[in-house]
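Notes follow once the structure below has been shown.
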Number of protein chains: 2
Amino acid sequence: MNKCDQCIVRQLSSLKALNKEEVIKLANSKTTYKIKKGEALFEEGEVTNGVFCVKDGVGKLSKLSANGKDQIVKLVKSGELLGQRSMISNEPANLTAKAIADMEVCFIPKAEIINFFNNNNQFSLNMMQSVCEDLKESENEKIALVQKTVKQRLAETLLHLHDEFGEDTDKTLRVQLTREELAGIIGTATESCIRLLSDFNKLGLIELVGKKIMLKDVRALKKLADN
Amino acid sequence: MNKCDQCIVRQLSSLKALNKEEVIKLANSKTTYKIKKGEALFEEGEVTNGVFCVKDGVGKLSKLSANGKDQIVKLVKSGELLGQRSMISNEPANLTAKAIADMEVCFIPKAEIINFFNNNNQFSLNMMQSVCEDLKESENEKIALVQKTVKQRLAETLLHLHDEFGEDTDKTLRVQLTREELAGIIGTATESCIRLLSDFNKLGLIELVGKKIMLKDVRALKKLADN
DNA sequence: TTATTAAGATGATAATTGTCATGTTATTTT
DNA sequence: AAAATAACATGACAATTATCATCTTAATAA
């Protein structure tokens with residue numbers, strides 16, 4: 001039962017501050033789920049009443065617009081927590097969380113988290129720092145949306161995905177995003193995204209291997225993204 | 001000396017969780033400053049090592065881009081705290097804070113805040129909730145940047161400014177922003193902003209009283225912003 | 001396997017928004 | 001008060017990006 005101790009989320013997230021006793025309590029209160037690619041963990045407006053630990057897979061936090069476009073706010077990977085914000089604020093979820101690759105998650109009920117808050121200052125501090133990190137990222141992405149062109153944002157995003165998720169054995173990006181999802185991250189139309197990928201391909205910056213993407217000239221991509 | 005107890009920041013911010021004894025400690029460790037319009041509280045990259053309480057005035061958090069444009073991320077008004085994020089993350093400031101209207105602020109050193117964190121759970125929770133609130137706002141603004149047109153964002157921003165800062169006796173918006181600053185909030189070129197204000201004026205949505213702006217048709221502005 | 005649907009790709013075109021130029025009106029400074 | 005500067009305003013034009021249409025290829029269902 002008490003596998004939480006070895007769990008990657010325990011090692012990487014705010015939960016690393018928990019002591020032995022707390023981990024045991026955690027193990028007893030958690031529930032484990034499997035979420036298939038495309039399925040939702042929670043939808044905008046739902047009250048989650050707890051936090052999800054991502055043991056495996058990749059998820060996206062996004063918001064659907066009136067015109068049917070899905071703006072992706074953040075990708076989450078194994079080792080991360082999900083749903084802290086709305087739990088802390090006591091609000092229904094502001095975003096929808098869906099699996100991009102099959103996920104394995106554990107749900108920790110709110111009462112347990114609150115308990116940790118009240119008895120473990122380091123845990124509180126970790127959680128606060130993680131929210132702060134999200135805030136900083138969000139602010140910087142907001143600025144990039146305004147100050148950079150779509151081309152620059154695509155280059156930047158490809159580099160981010162490479163950094164965060166690494167590459168497969170065939171050197172292509174490990175995260176498998178559709179062009180539509182990629183467009184949803186950089187905030188542009190799917191066609192524009194496809195067109196630019198095609199341009200990058202012709203310029204030798206990347207190589208398109210079927211639907212997969214291989215970064216060929218990281219330096220040039222960086223230059224493009226920064227300037 | 002111990003005016004902190006009556007202070008608006010004490011009443012409105014996370015500091016409201018402090019007890020009498022803590023407020024006395026606060027009053028003894030704080031320093032008060034006056035910041036003239038246009039002056040900076042701190043600049044991007046600076047280590048602040050504490051938190052600022054905004055007693056009076058208005059400030060902006062912004063980032064200067066390579067091309068000289070200043071993207072405004074957030075406005076802060078009296079009763080709010082400033083600089084929590086970088087203090088909590090232990091990082092230099094990610095944004096520059098400048099006064100838009102003459103400010104009166106108090107500086108609370110980091111050691112004091114950490115002390116409150118460790119001894120007052122409600123304070124920690126309040127602070128965490130306030131950062132979460134910022135995060136939610138930032139995410140929503142990020143989405144709006146992508147999913148809405150400049151026109152919609154201008155309408156939305158005018159309504160926000162009206163809600164948050166209210167109006168002067170002459171019914172114009174109380175915050176005095178230059179067109180350039182307004183453009184910096186909605187993320188567009190100054191000329192585009194001016195042009196749209198002029199359009200809104202012609203359409204009877206607003207009235208331009210010199211440099212000041214009066215909202216004339218809130219309902220129509222809301223409709224424009226939402227749809 | 002074939003039919004059907006989804007994803008990717010590309011051209012043509014339109015709309016939005018940015019840039020540069022120039023002029024006017026306020027606001028400071030001298 | 002005159003000069004200088006900053007803020008506001010508008011036209012002309014260019015660039016970027018979105019939209020619509022169409023086609024190809026891949027994935028999924030029948």
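The CD-C1' distance, from A:E180 to C:dG8, rounds to 11 Å in whole Å. At whole-Å resolution of the value, CD1 in B:I186 and C1' in C:dT16 are 13 Å apart. Between the CD atom of A:E181 and the P atom of C:dA7 there is a distance of 9 Å, rounded to whole Å. Atom pair B:K69:NZ and C:dC20:C1' shows a separation of 12 Å (rounding to whole Å applied). Rounded to a whole Å, the CG atom of A:L145 is 17 Å from the C1' atom of C:dT16.
If you check the side chains of A:D70 and A:S62, you find a donor sitting under 3.5 Å from an acceptor.
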Polar atoms only, N or O, under 3.5 Å: list the protein pairs with nucleotides 9-12 of chain C and their distances.
| unit_1 | atom_1 | unit_2 | atom_2 | d |
| --- | --- | --- | --- | --- |
| C:dA9 | OP2 | A:R179 | NE | 2.9 |
| C:dA9 | OP2 | A:R179 | NH2 | 3.3 |
| C:dT10 | OP2 | A:S198 | OG | 2.7 |
| C:dG11 | N7 | A:R195 | NH1 | 2.9 |
| C:dG11 | O6 | A:R195 | NH2 | 3.1 |

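Side chain of A:S13 to main chain of A:V9: a donor-acceptor pair is present (N/O by atom type, distance under 3.5 Å, no hydrogens or angles). Side chain of B:Q6 to backbone of B:K3: no donor-acceptor contact under 3.5 angstrom is found.
Where A:T149 and A:K211 each meet DNA chain D at their nearest nucleotide, the meeting point lying more 5' is that of A:T149.
Within a 6.0 Å radius of NZ in B:K74, more than 12 heavy atoms belonging to other residues, nucleotides or ligands are found.
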Would A:K98 and A:E39 satisfy salt bridge (charged side-chain N to carboxylate O under 4.0 Å, His left out), going step by step from the backbone distance to the final call? CA-CA 6 Å; A:K98 278 190 178 158; A:E39 288 178 0; over 6 Å; no

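Think of the region where chain B sits on DNA chain D: with heavy atoms and a 4.0 Å cut, that region ends 5' and 3' at D:dA7 to D:dA12.
The side-chain contact (heavy atoms from CB on, under 4.5 Å) check on B:N140 picks up A:K63, A:N94, B:K136, B:I143, with sequence neighbours excluded.
Put simply, the residue from B:V218, B:D163, B:I213 that forms a side-chain contact (heavy atoms from CB on, under 4.5 Å) with B:L158 is B:I213.
Taking the ring axis of A:F165 as reference, the NZ or CZ atom of A:K77 stays within 45° of it and closer than 6.0 Å to the ring centre.
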